[in-house]
Structure formats: C-alpha cells, structure tokens
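Take a look at the structure set out below.
Note that these values count all heavy atoms, side chains included, but never hydrogens, waters or copies made by symmetry. A quick note: this is a predicted structure, and the numbers were derived from the prediction, not measured. Numbered from 1 within each chain, the chains take letters A, B, ... in sequence-line order.
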2 protein chains.
Amino acid sequence: MDYKDLVKGLEEIVKTHYYKVMGKLKETPVLITTLEGTINLSVLKGGKLENLAKSVIDVASPKPQLDYVPFTRDVEKGKEVHSVYTVNLKGEESEVSSPRKRVTSIAYDEKTIVYTASSAESTSLYVIEGGKERKLADVPPFLYISDVDGEYVVGAEAFRGGLRASEIVLFTLDGEVKYVTPKEGSVNWLPLIYGGKVYFTSDYEFSGERSWIYSYSLKDGNIEKVVLKNLEEFRPTDLYYDPYTQLVFAMKDGETRLFLGDKMLDTPEGVVNGATVIGDEVYFSHSSLTSPHKVYKLRGNSLEVVIDSKSPISGKVDFVKVKNGDVEVPTFIITPNNGKKEGVVYVHGGPWSEIDNCWDRFISSLLYLGYTVIAPNFRGSTGYGNKFMLMDIGDVGGGDLSDIVKVRDYVIEKGIVDKVGVMGYSYGGYMTLLAVGKEPDKWEFGVAGAAVADWVEMYELGDDFFKGFIDVLFNGHNVDLMKDRSPVTYVEKVKAPLCIIQSQNDTRTPAVPVLKYCLRLQELGKRYELHLIPDMGHLIYTVYDIVNLIFPAALFLKKLEDTKGG
Amino acid sequence: MDYKDLVKGLEEIVKTHYYKVMGKLKETPVLITTLEGTINLSVLKGGKLENLAKSVIDVASPKPQLDYVPFTRDVEKGKEVHSVYTVNLKGEESEVSSPRKRVTSIAYDEKTIVYTASSAESTSLYVIEGGKERKLADVPPFLYISDVDGEYVVGAEAFRGGLRASEIVLFTLDGEVKYVTPKEGSVNWLPLIYGGKVYFTSDYEFSGERSWIYSYSLKDGNIEKVVLKNLEEFRPTDLYYDPYTQLVFAMKDGETRLFLGDKMLDTPEGVVNGATVIGDEVYFSHSSLTSPHKVYKLRGNSLEVVIDSKSPISGKVDFVKVKNGDVEVPTFIITPNNGKKEGVVYVHGGPWSEIDNCWDRFISSLLYLGYTVIAPNFRGSTGYGNKFMLMDIGDVGGGDLSDIVKVRDYVIEKGIVDKVGVMGYSYGGYMTLLAVGKEPDKWEFGVAGAAVADWVEMYELGDDFFKGFIDVLFNGHNVDLMKDRSPVTYVEKVKAPLCIIQSQNDTRTPAVPVLKYCLRLQELGKRYELHLIPDMGHLIYTVYDIVNLIFPAALFLKKLEDTKGG
C-alpha cells in the first residue's frame with residue numbers, strides 16, 4: 001500500500017464522527033458530537049445538528065424542563081484542569097466557576113449546580129447557588145455526583161468500606177450526609193432523583209453477577225425493586241435507567257438493548273450509547289465495531305436514520321468466551337474482509353472499561369491495515385458483572401495479563417491468525433509494555449499509547465484522584481507489588497519492536513516515566529520508536545489528537561510489514 | 001490541506017530518485033541510485049539502469065580499466081559499522097573484509113584495496129592484497145585515502161599541523177609515509193594518481209579564497225600548475241579534477257560548471273554531481289533546488305535526457321549575500337509558487353557542507369507545504385573558499401549562529417516573509433536547538449533532526465573519528481566552550497514549539513543526550529514533540545528513513561498551521 005492510500009483510509013476513519021444523545025432540553029435532543037474536529041455539545045433541530053458549545057469535556061445530564069445545561073472545559077491543553085460553564089439553547093455561554101482542578105462529576109437543577117473536583121491534595125464537593133459557590137464537603141476521590149433535585153444531592157461512592165463495595169450517597173444542601181445501601185458490600189450505582197425517589201442500579205440480589213433497578217424513597221427510606229417483566233427476561237448484566245423518560249439501556253455481552261418502560265425497542269445490533277424521548281419519538285445514537293456512529297429516530301416500528309455515516313471498513317464480528325482456568329474471557333474477534341493472517345491483541349483501557357460492539361477508531365484503523373483484531377475483556381473489564389470487574393483489585397498486571405496471553409494463545413492454536421502483536425492505550429498501553437516484558441516470546445510487536453511504565457513514579461506524580469485510583473488498584477499503598485507489576489522492571493527482557501506514543505500533558509499516565517523507560521530501551525539497544533505529542537493530555541479531544549496517535553502507529557506497522565525478513 | 005493530499009505530495013518528493021554518476025567500469029557508466037528505496041550501485045546499459053549491489057554506503061572511485069569496484073555496507077542498522085565488498089559488472093558480489101568499524105575512505109587498483117577505518121580507540125589504514133589483509137599504519141582520524149596505484153597509496157590529511165591546514169599524504173605499500181604540501185598551512189585535497197603524477201587541488205596560491213589544480217611528480221617531486229585557460233576565466237571556488245577522463249567539476253556560488261579539459265560543457269543551471277566520458281559522449285547526473293536528479297548524455301552540442309524525473313514542486317530560486325559585519329553570508333532563498341508569507345530558515349549539516357543549487361528532499365518538502373525556504377551558507381560552509389569554511393573552528397555555535405540570525409532578520413526586514421521557523425538536520429539540528437535556546441524571540445517554531453544537544457556527552461559517546469571531529473571543531477578539548485555552545489545549557493529559555501526527530505542507532509549525534517534534553521523540556525513544561533526512530537542511524541539510506549524524518553515534521557507544521565490562534 002502506498003502512503004497516500006494508507007493515509008486516505010486512515011483519514012476517513014479519523015474523521016468519522018462520534019454522536020451520543022445525552023438527553024433533551026425543552027423537547028430538543030442534546031448530543032455530544034465531534035462535528036468540527038473537537039468534542040462539542042450540539043442540538044438536533046429539524047433533522048440537523050447545530051453546535052451549542054465547542055471543546056466540551058463533561059456535561060451534566062440535561063434536565064428536560066430547563067433550557068440550559070452546565071458543562072466543563074479543559075483550560076490547560078489536555079492537563080484536565082477544568083472550568084465550569086453553562087450554555088443555553090440559544091448557544092449563549094457563561095463561565096460559572098473556574099476551579100482549575102480535575103472536575104470528576106457534575107449535575108444541576110433549576111437552582112443549583114453541583115460538582116466534585118480533585119486537586120493534588122484533596123477532592124471536594126462544590127455547590128453553586130444564585131451565582132455563589134461554596135464547598136459543601138471534602139469527599140473521597142471516587143465519589144461521583146449524578147443528580148441534584150431541590151434539597152438533595154445524590155451520588156455514588158465507589159470502593160467504600162471494603163474495596164469491592166459501592167454505595168449511594170445522599171447530601172442535603174445544608175451539609176448532612178447519608179449513605180444508602182440495600183446490602184453491605186454490594187455495588188450500587190447511577191442514582192437519579194425523580195418523583196421523591198432515588199432510582200439506582202444494584203447487584204445486591206445477584207452476588208455481583210448482574211444488576212437491577214431499584215428505588216429509594218426520600219420520604220420513608222423504603223427500597224423497592226422496579227418491576228419490568230420483559231427486561232427481566234433479557235437478563236441484562238448492566239443497566240442504565242432514566243426515570244424521566246423511562247428509557248432503560250440494558251447491556252449484555254457487549255450489546256445494548258433499549259427498552260421504553262418494559263417494551264424492548266427495535267434497535268440495530270451493536271451499542272446504543274444514548275437516547276431520549278420527544279413526544280412519541282425515540283431518538284438514539286448507535287454504532288457497532290464495523291459501523292460508525294449514526295443517529296436514529298424510532299416512531300412506533302418505523303426506524304429512520306437522522307444523521308448517517310459510511311463505514312470505511314468492512315469485516316466480520318465474532319464473540320467468544322476463552323477459558324483461562326476458572327475464568328472465562330469474553331473476547332471480540334473482528335476479521336477484516338481481505339485481511340492478512342496477522343492479528344493484533346487490542347487491550348482496552350481502564351481497566352474498568354470494555355470492548356463492546358461499538359465503533360472504535362483504533363480497532364477500525366487496524367482492520368483497515370488488514371489485521372484481525374482480537375479484543376479480550378480480561379478480568380477487570382466492565383460489562384460482565386461487578387464480581388468479574390473487581391477481580392483485578394490487588395492483582396493488576398497479574399490475572400488480567402494471563403487472560404490476555406491466554407486469548408493470544410487461543411487465536412494462534414485455533415489458526416485464526418499466524419502471528420500476533422499487542423496494542424493498547426492507557427491501561428491497554430500498560431498491558432502492552434508489561435506483556436512484551438514478561439512474555440517476550442509471544443508478540444511480533446507492541447504499540448503502547450499513554451502507557452504506565454512505572455507505577456511508583458506515576459503515583460508520585462498523581463493528584464488525589466489518581467493516587468486514590470492506584471491505591472484501589474493495588475489494594476492499598478503496596479510499593480513492592482507496584483514495582484513487581486511495572487513494565488520498567490522487565491525492560492531488559494523486551495524482544496518485540498515497540499512503538500511508544502505518549503502525550504506531553506498527560507496527568508494520568510505522565511510522560512516522564514515513559515521517557516525514562518525509553519532511555520532504558522535506548523541504553524539496552526532495544527528496537528523501539530517513541531512519538532511524544534505536545535498540546536495533548538491523556539484524553540482524546542480533537543482530530544489532531546487522533547491523527548497523532550494513529551498515524552505513527554500505522555507508519556510503524558507499515559514499515560514492519562514492508563521490511564519483513566529484510 | 002487534507003492529510004491525504006499532504007501525504008500524496010510528500011510521497012512524491014520522498015520517492016524522487018537520487019542519481020550520481022561515479023565513473024565507469026570498462027566503458028559502462030557506474031552510478032549511485034536510489035531506485036529500489038535503498039542506496040544502490042547501478043550501471044547504465046542501453047539507456048536503462050540496472051542494479052549491481054543493494055544497500056551500499058561508500059564506493060571506491062571506479063577504475064575504467066577494471067570490471068569491478070569495492071564498496072562498503074552498514075552491517076548494524078545504521079550504526080555505521082561497515083564491511084567491505086566487491087561487485088563486478090555481472091553483479092557478482094564478494095565480501096573481502098569485515099572490519100566492523102566505521103570505514104572512512106576506500107580506494108583500489110588491480111592488485112590492491114585500501115581503506116581507512118575508525119574504532120572507538122583509533123583509526124588505521126588497511127591494505128588487502130591477494131585476499132590477505134594487513135594494517136599498513138595507524139593514522140589520524142581525518143586522513144582520507146583517495147587512490148592507490150601500484151606502489152603508492154595517496155590521500156589527504158585534514159587539520160594537520162595547525163588546524164586550518166590539509167596536506168597530501170603518500171604511503172608506499174611497504175610502509176613509508178611522505179607528506180606533500182606546496183606551502184605550509186595551505187589546504188590540499190582530493191589527490192588522484194595518473195601517469196606517474198599525483199593530481200590534487202590546493203588553495204595555496206589564493207590564500208584560502210579559492211583552489212586550483214596541481215600535479216606532483218612521483219619521479220622528481222616537482223609540483224606543477226595545470227594550465228586550463230577557460231577554466232581560469234570562470235574562477236571556480238572549488239574544483240574536482242578527474243585525470244582519467246580530464247573532466248573538471250568547477251563550483252562557484254552553489255552552481256557547477258562541467259569542463260572537458262579546457263572546454264566548458266553546456267550543462268543546465270544547477271549542480272552536476274557526477275560525470276564520466278564514454279567514447280565521445282559525456283554522461284552526467286544533475287539536479288537543482290527545484291528539479292530532482294536526472295541523468296543526461298551530451299554528444300557535441302546535443303543534450304539528451306537518459307533518465308528523467310518530474311518535479312513535484314515549482315518555485316523561484318534566488319541567491320543573495322547577506323552582510324553580517326565583515327562576513328558575507330551566501331544564502332539561497334527559494335519561494336514556492338502560491339506559497340504563504342511564512343519562511344523556514346533551513347540550516348545545513350556538516351558544518352563543512354553547503355546548500356547549493358541541487359535537489360534536497362527536506363527543502364522541497366517545505367516548499368510543497370508552502371513555506372519560503374531560506375538556506376544560509378553560514379561561516380563554516382564549504383563552497384566559498386577554505387578561509388570561510390574554517391572560520392568556525394573554535395567558534396561553533398558562535399559566529400555561525402549569528403550569521404543564521406542575521407539572515408533571519410534580513411528576510412523579515414526585506415518583507416520576504418512575515419514569520420520564520422528554523423529547521424535542520426545534524427549540525428543543522430544542533431543550530432536549530434541552539435537558535436531557539438539562545439535567540440528565543442526570533443523563531444515561530446523549530447524542527448531539529450539528529451541534533452547535538454550536549455557536546456560534552458556526545459564527546460564521551462563518540463568513537464576516535466568523532467572525538468577527533470569535536471576536538472577540531474572546538475580547537476582542542478575545551479569543555480567549558482563545549483558547555484557554553486550546547487543547546488541543553490539554554491533549554492530553559494526555549495519559547496518556540498519544537499519538533500525533535502532522532503534516530504535510535506545514530507553513532508554521530510547519539511540519542512541519549514537528545515532524550516535527556518527532551519526530559520528537561522518535559523520537566524520545564526515546554527511545548528515539544530519527539531519522534532525517536534528505530535533501525536536507523538545518522539545517515540539517510542532508505543525511503544523509510546526519509547519518511548520517518550519528513551512525515552513527523554510535516555504533520556507538526558500542518559498542525560501548527562491549522563491551529564493558528566487557537
């Protein structure tokens with residue numbers, strides 16, 4: 001393939017748009033889009049998207065009865081230093097707060113905006129009322145606010161009291177705090193207030209295997225199960241319930257089924273990442289591993305594409321569960337049409353995230369280059385129950401790495417591919433470097449973006465939120481285990497050629513330990529390349545960010561391919 | 001410009017071929033070409049190029065009476081660790097020696113191959129006779145062999161006895177050494193043996209302003225001036241004389257005139273980088289700053305293109321001399337058609353090299369991107385007399401940097417461009433980093449390839465040849481001056497966004513000091529990007545090497561351009 005053809009296809013992939021229906025303001029659908037090369041807040045009017053605000057990071061869940069919504073922006077080139085703004089349906093913006101901290105969650109109602117923010121020292125919950133801001137409370141780093149309604153602010157605190165638990169937290173605006181849990185040690189999540197009740201999901205009845213929807217009465221404290229018979233039959237692993245519209249997003253094995261109340265809607269295979277109801281129409285955004293994001297309108301049984309997209313790639317999606325001892329590793333295998341017999345184990349980030357059947361620009365780039373992509377949901381992944389998700393605590397880079405290696409061996413043994421490289425971003429970049437260091441004979445190459453090279457140094461450079469994150473991952477501040485699970489410890493064993501991509505302003509997986517890892521590779525005479533990218537942090541905001549990540553990887557792979565055996 | 005259009009044009013530039021007529025073997029023209037993406041030794045047969053040997057580094061001057069030629073190859077991926085081979089007109093190769101050292105010069109006749117090679121400790125002259133190799137002598141690092149004929153090996157030793165001198169050295173194969181100089185302190189160069197005489201160039205009659213051709217009689221030691229009246233009228237600054245064919249390459253102000261004996265041949269404007277005579281035909285290779293390499297055949301007054309090329313760019317070439325105190329800085333200014341009002345000061349490597357009117361893939365890439373290229377031949381450049389060339393000794397990064405800054409100010413003052421960046425490779429990369437550190441307000445951006453970041457650490461990592469090189473540049477081992485002239489000393493003052501490109505296997509300007517410089521940039525929060533390239537050393541051998549250097553620079557510039565003011 002010539003460079004111009006290579007870049008032509010990659011450019012199409014890079015420029016596919018992301019759409020996510022966030023909800024509605026006054027019967028107008030509100031979406032996150034990437035229409036102008038950045039992440040924007042947009043509205044859908046007359047079948048067309050209009051931008052409300054550019055370069056948006058996080059958006060509060062829109063309130064249907066209001067005509068504005070608060071959001072955050074990164075004010076230091078990817079360093080995740082945020083300010084808080086509001087924008088109304090006319091596109092009028094105002095900055096309401098400049099905490100210049102990492103804002104980790106945000107919510108609002110007609111009177112109040114609340115948000116949590118982390119600095120180097122601490123995480124706090126702030127309240128803005130009538131233009132005045134005050135700190136309501138210092139909170140643990142993993143407390144996320146999801147709603148405010150009148151007197152009450154509601155959120156969920158992960159890893160509370162025993163690392164595997166997550167509880168609902170209720171604040172009153174005069175500073176009282178109350179924890180709500182249907183059962184000690186259960187995982188309770190995503191609380192929203194509606195009609196005097198807090199709706200949330202919990203796995204307490206299903207021992208961490210799957211979740212269901214419950215309500216907590218603000219009046220009498222009663223916890224009730226929400227009864228939805230058809231949904232129950234589907235047996236979703238994870239759910240998201242919007243009490244305003246009665247939409248339920250039901251997730252299982254990397255697919256989403258959308259329910260309106262108890263009625264399963266006729267959405268295409270893949271992932272519905274957002275939806276809202278306007279009158280008798282359901283607007284939803286959707287994609288799959290081989291089809292970029294589109295926006296649909298469903299009225300009765302009539303499905304219409306409102307915002308279309310064209311796929312630059314084509315291929316076949318398989319879903320298998322690969323046994324690794326007692327663990328089953330749910331794995332997507334995506335085979336491009338007319339590809340080669342070479343594969344890439346693509347490791348997702350997080351670790352508390354997943355590869356589901358939705359569009360991914362990294363995966364589609366690999367498919368475009370002719371690689372079969374093998375995407376394991378190793379232990380620690382979301383989407384397969386909280387027990388599975390929390391198995392990696394205290395064992396990062398242990399069981400999860402063994403899952404990845406097992407899946408790699410599986411695709412070789414089954415003859416699906418002849419050779420395998422490994423690639424990933426963030427936690428996936430970490431896994432990539434660890435895999436080529438600890439299992440050097442398994443991989444043809446490694447492509448690691450925004451990788452963890454050294455947990456110990458990363459901890460020292462982290463803010464309150466990321467120190468907390470690492471403490472949770474390692475089940476406390478366990479320096480010996482952090483060293484044992486750091487790629488820099490195994491740098492001498494690396495055999496596979498490496499392509500390392502790192503953003504300069506990354507405040508999650510910072511650049512300095514990665515540069516030091518590369519200095520070691522250099523001194524040891526290992527074959528590697530490094531692309532250090534400025535004006536960018538850990539998160540991918542713009543088309544340039546994607547280009548900066550995908551192009552070097554693609555050129556690295558092209559060169560490996562072209563110079564095979566020579 | 002879309003990425004696909006950007007890459008399409010760059011790919012055309014990257015894939016333009018290099019041709020250099022080296023001479024002839026048995027009436028067959030021998031050329032260096034880049035036909036198959038690497039540097040090859042080729043022959044011209046029936047108007048077509050045929051490859052004799054792939055991945056060639058250095059080739060001895062071909063002997064017309066023989067049907068083979070020795071050459072060197074890099075056997076460690078760009079580390080400039082060489083082996084010596086021969087290849088004949090049938091393409092039959094054999095490896096004749098594996099010194100695994102940096103071979104710095106090579107020559108041969110029907111009985112003997114001689115070469116000089118540097119290791120970490122020393123540089124030696126080796127002789128291969130009848131398949132047997134022996135060391136003839138340890139030699140200084142800057143002694144270059146250019147011919148062997150029967151009993152005599154001839155070369156030139158630069159920087160002998162007083163750094164500004166260069167003398168002819170004559171070895172006999174039984175180990176006697178004799179220095180020949182027409183005048184103490186003069187610069188004598190490029191000796192070739194023909195008809196019992198050693199022909200060479202010298203500047204002794206013109207006080208380092210320009211050179212002429214002389215002969216030294218092996219019989220009686222007489223030195224005679226070669227009389228060529230028309231050539232004398234042209235007043236060339238530098239010359240290269242081939243006594244076998246009587247071709248003279250006469251260079252002045254970045255242009256070459258080709259003479260056959262005393263007759264000036266009708267070659268196009270630009271640079272003739274090689275030629276030979278076959279019967280009554282002259283074959284020569286040629287290019288200019290706006291026209292890639294071609295091979296021509298000249299018969300009488302009839303000029304024919306034998307191997308053609310198409311230019312991916314178009315523009316206007318101006319040549320000016322910019323005053324900087326007592327020094328005039330010869331400068332090429334190349335303005336692309338339909339370009340923008342932005343310029344790049346492109347600093348050549350060396351420092352003992354020059355930008356002349358010949359094709360350059362870096363410059364043409366910048367023109368393609370719409371930049372006006374300003375290429376100063378700062379003090380220390382070749383092509384303008386030895387006095388000018390040696391002015392930088394003991395003052396690297398001093399007067400030469402002031403020349404570059406002066407030329408930058410000149411193009412701004414004259415309104416030729418509104419803004420200027422700086423870019424260069426090797427010594428040009430060094431100048432780039434030094435310029436953005438010492439003159440931070442002058443530059444919009446910097447692109448530095450294979451840069452010197454720290455002379456002190458580079459010295460420690462260098463072999464005998466490069467330690468010698470640095471000692472010459474600094475007029476002795478002057479550590480204080482080395483620190484004062486190292487970019488790392490000024491890293492805190494850097495303002496311009498930087499794109500740094502570095503090869504992993506570079507043994508001239510090694511990667512470690514550059515990585516450490518980047519670590520400092522990172523710690524200081526400077527805006528920079530780094531692309532560290534594997535499988536490549538200092539020299540540019542393959543299409544991949546060029547892609548690896550040019551693409552990151554072009555993407556960096558595109559992003560700067562696209563995100564202007566935002």
Tell me if the centroids of the rings in A:His538 and A:Tyr425 come within less than 6.0 Å of each other.
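Yes, ring centres under 6.0 Å apart.
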Taking it one step at a time, do B:Phe551 and A:Phe551 satisfy ring-ring contact (aromatic ring centres under 6.0 Å, His included)?
CA-CA 10 Å; B:Phe551 280 21; A:Phe551 281 21; 9.0 Å; no
Let me know if [X] has heavy atoms under 4.5 Å from chain A in its side chain, its backbone, both or neither.
X: B:Val14; value: neither
X: B:Leu519; value: both
X: B:Gln504; value: both
X: B:Asn548; value: side chain

Is it the case that more than 12 heavy atoms not belonging to A:Lys8 sit under 6.0 Å from its NZ atom?
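Open: at most 12 neighbouring heavy atoms sit under 6.0 Å from NZ of A:Lys8.
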Check this for me: does any side-chain nitrogen of one of A:Arg73 and A:Glu93 sit under 4.0 Å from a carboxylate oxygen of the other?
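Counted as a salt bridge, because a side-chain N and a carboxylate O are separated by less than 4.0 Å.
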Between A:Arg100 and A:Glu76, is there a salt bridge with N-O shorter than 4.0 Å?
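The answer is yes: the pair qualifies as a salt bridge.
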Please determine, among A:Lys526, A:Glu12, A:Lys15, the option with the most heavy-atom pairs under 4.5 Å with chain B.
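Option with the greatest count: A:Lys526.
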If you count heavy-atom pairs under 4.5 Å between each of B:Val512, B:Asp5, B:Leu521 and chain A, which one has the most?
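So the answer, after comparing B:Val512, B:Asp5, B:Leu521, is B:Val512.
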